[in-house]
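Written out below as structure tokens is the structure these notes cover.
Order of appearance sets the numbers: ligands from 1, and atoms from 1 within every ligand.
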Amino acid sequence: MQWRSLVLALLALRLALHALLWLAGPSLGFYQQRFPFAFPPAPARRPAAAAAAEEEREAAAQGGSCGDCPHWGSLRGRGGGAPPAGDEYERRYSGAFPAALRVQLRDAARRMFAFGYDNYMAHAFPQDELNPIECRGRGPDRADPLNLNINDVLGNYSLTLIDALDTLAVMGNSSEFQKAVKLVIDTVSFDTDSTVQVFEATIRVLGSLLSAHIIITDVKQPFGDMSIKDYDDELLHMAHDLAVRLLPAFENTKTGIPYPRVNLKKGVPPDSNNETCTAGAGSLLVEFGILSRLLGDSTFEWVARRAVKALWSLRSNDTGLLGNVVNIQTGHWAGKQSGLGAGLDSFYEYLLKSYILFGEKEDLEMFNDAYRSIQNYLRRGREACNEGEGDPPIYVNVNMFNGKLMNTWIDSLQAFFPGLQVLIGDVEDAICLHAFYYAIWKRYGALPERYNWQLQAPDVLFYPLRPELVESTYLLYQVLGTFLVFRHMVCMNVLTVENMSKCGYATLHHVIEKSKEDRMESFFLSETCKYLYLLFDEENPLHKSGNKYMFTTEGHVVSLDKRLRDSLWRDMFTEEEEKNVEKLKPNELKSANSSSNCNRVPDERRYLLPLKSIYMRQIDQMVGLI
Ligand code: DMJ
């Protein structure tokens, strides 16, 4: 039949066009790639089980049954918000959030943490991590020193216990916090033949020890009685000991940028790599700065600050962007990709957070310049998130020297960025990027490690229980008020049974097939569970006005303390460098977590979608959800 040939010809044409666009790929630039969005290829057919699971999640989000999740429909209305009207999106996502549901979800998040923590203590401690499927502990891979995925993080120092300390405090569990601190003091030693990544040891171990020390010594004891009998600053001494063992990484480097790895007993290994990622080398300032200021010893902050300055001086003169991998001896960029995810994420985060914590104006200036370059070269899509025409804004990976698109994927680490945007008050833009990641989450029930926005499919399929989306959700919630879509996402997260194993929560090996890997990373307890819990625990001391806190990149809580605002390092830089540094007075700083420095959305928007439903629908289309 003629019409059939016509349809087939059209179909063939469309496929050919897609193939052409796909092949042309990055070189065409983002705007040409709007085409596939307008004619999205049919999403790959999911296996029936995955489709059913997704439907169930969707039903749960709308008030249907979802295991542990309280029945939303029956609770709606008791929270006091106007019944949602309007189109499907508004009906689904607007309205008030009932207090009873909030409490149930808070308790579910607490149980989630307890399940992971208790099983770690029962089956894995004193080893570093829990293998939640086999119910066993895991330490460094001594048989294969090149197994960096494991050895960079696991140092034979009870990593998970250390990383979880302040989550116990934030959840108000003083007896377990006190027990855990004593265990750390009595059993952990850093005098071990482990070669670890300086960055991982800093953010997970050093940061947690400092955070717990600050909580223990806080005269106000906001989380309940977290004091330790006869405490003699042991955690601070341990942090000092660890940092001294990391210092060799900063020696014998021509640029001042540290080596990526160090052996805790022997220093930098003789065969050490001269290349490091920017985030790894340039996100040490918060922890090293806190340590220096608590000890009154400028060494640690000085080396960390020198590394940041060295990296900053290597940015492109044309774009102001940095690459993702640099040679520490030559200063040559081995990785020219500039993006917001792996390799660069916490570099940007710590420019701003160092300023928030220490008040050094140069940190803010660097951050502001970096943010401008990010907006100029990485951001694609329409100008305003909630207005106008064009693709939704996303942040892409470009060449640092010319700003040209390098690939068409974004990674799950980048999902932290809306949270950072909240801290600087760019809430409207944060809403759009968050919505994009949320849509990916809805499609897979998790965030694939890399998602290809052009192919509308994951490029890298695993999900190791990362916190970034929950973190941004939590920070956005602080300024958006009651907004159900975020909590829906979290409800689904709390109930993601796919991750639950016999003895804890497992990494998803494949976000579509839902197969698992036998690993529970320590950041699941230090970050993911903490942010989930805080999202629903409105009475938490962290949220009380008067208490000012900031989260490190590993989610460790540190109070904005006067003790941290006296710089010790100024005398160690040149006069020229000094001249540029103008210290802000403490009262000029606004809290990172309060909404005071944020462009809080008006009250009338509290129960509405923060993103117009047309734009939400557009994003759902863009990720192949509808
Ligand atoms: C955490 O260890 C930190 O947040 C780090 O900055 C990058 N992301 C991991 C968890 O995904």
Among E349, R204, E468, closest by heavy atom to atom 7 (C) of ligand 1 is E468

Could you tell me which atoms of ligand 1, counted from 1 in the order shown, lie closer than 4.0 angstrom to a heavy atom of [X]?
X: P467; result: 10 (C), 11 (O)
X: L413; result: 7 (C), 8 (N), 11 (O)
X: I203; result: 2 (O), 3 (C), 5 (C)
X: E554; result: 1 (C), 2 (O), 3 (C)

salt_bridge([X], [Y]) N-O dist < 4.0 Å:
X: R204; Y: E521; answer: yes
X: K548; Y: D561; answer: no
X: R106; Y: D537; answer: yes

Per-residue contact class, E527 against ligand 1 - non-hydrogen pairs under 4.0 Å
side chain

Where do R136 and N131 land on the side-chain hydrogen bond (donor to acceptor under 3.5 Å, both in side chains) test, with the steps shown first?
CA-CA 5 Å; R136 283 167 45 169; N131 285 3; over 6 Å; no

Looking only at distance, does S346 have an N or O less than 3.5 Å from an N or O of ligand 1?
no

Name the orientation class of the two ring planes belonging to H543 and Y474 (parallel below 30°, tilted from 30 to 60°, perpendicular beyond 60°).
tilted

Report the nearest protein non-hydrogen atom to atom 6 (O) of ligand 1: residue, atom name, distance rounded to 0.1 Å.
T553 OG1, 2.7 Å

Counting N and O atoms only, with roles assigned by atom type, does the side chain of Y117 sit under 3.5 Å from a partner on the main chain of L161, one being a donor and the other an acceptor?
no

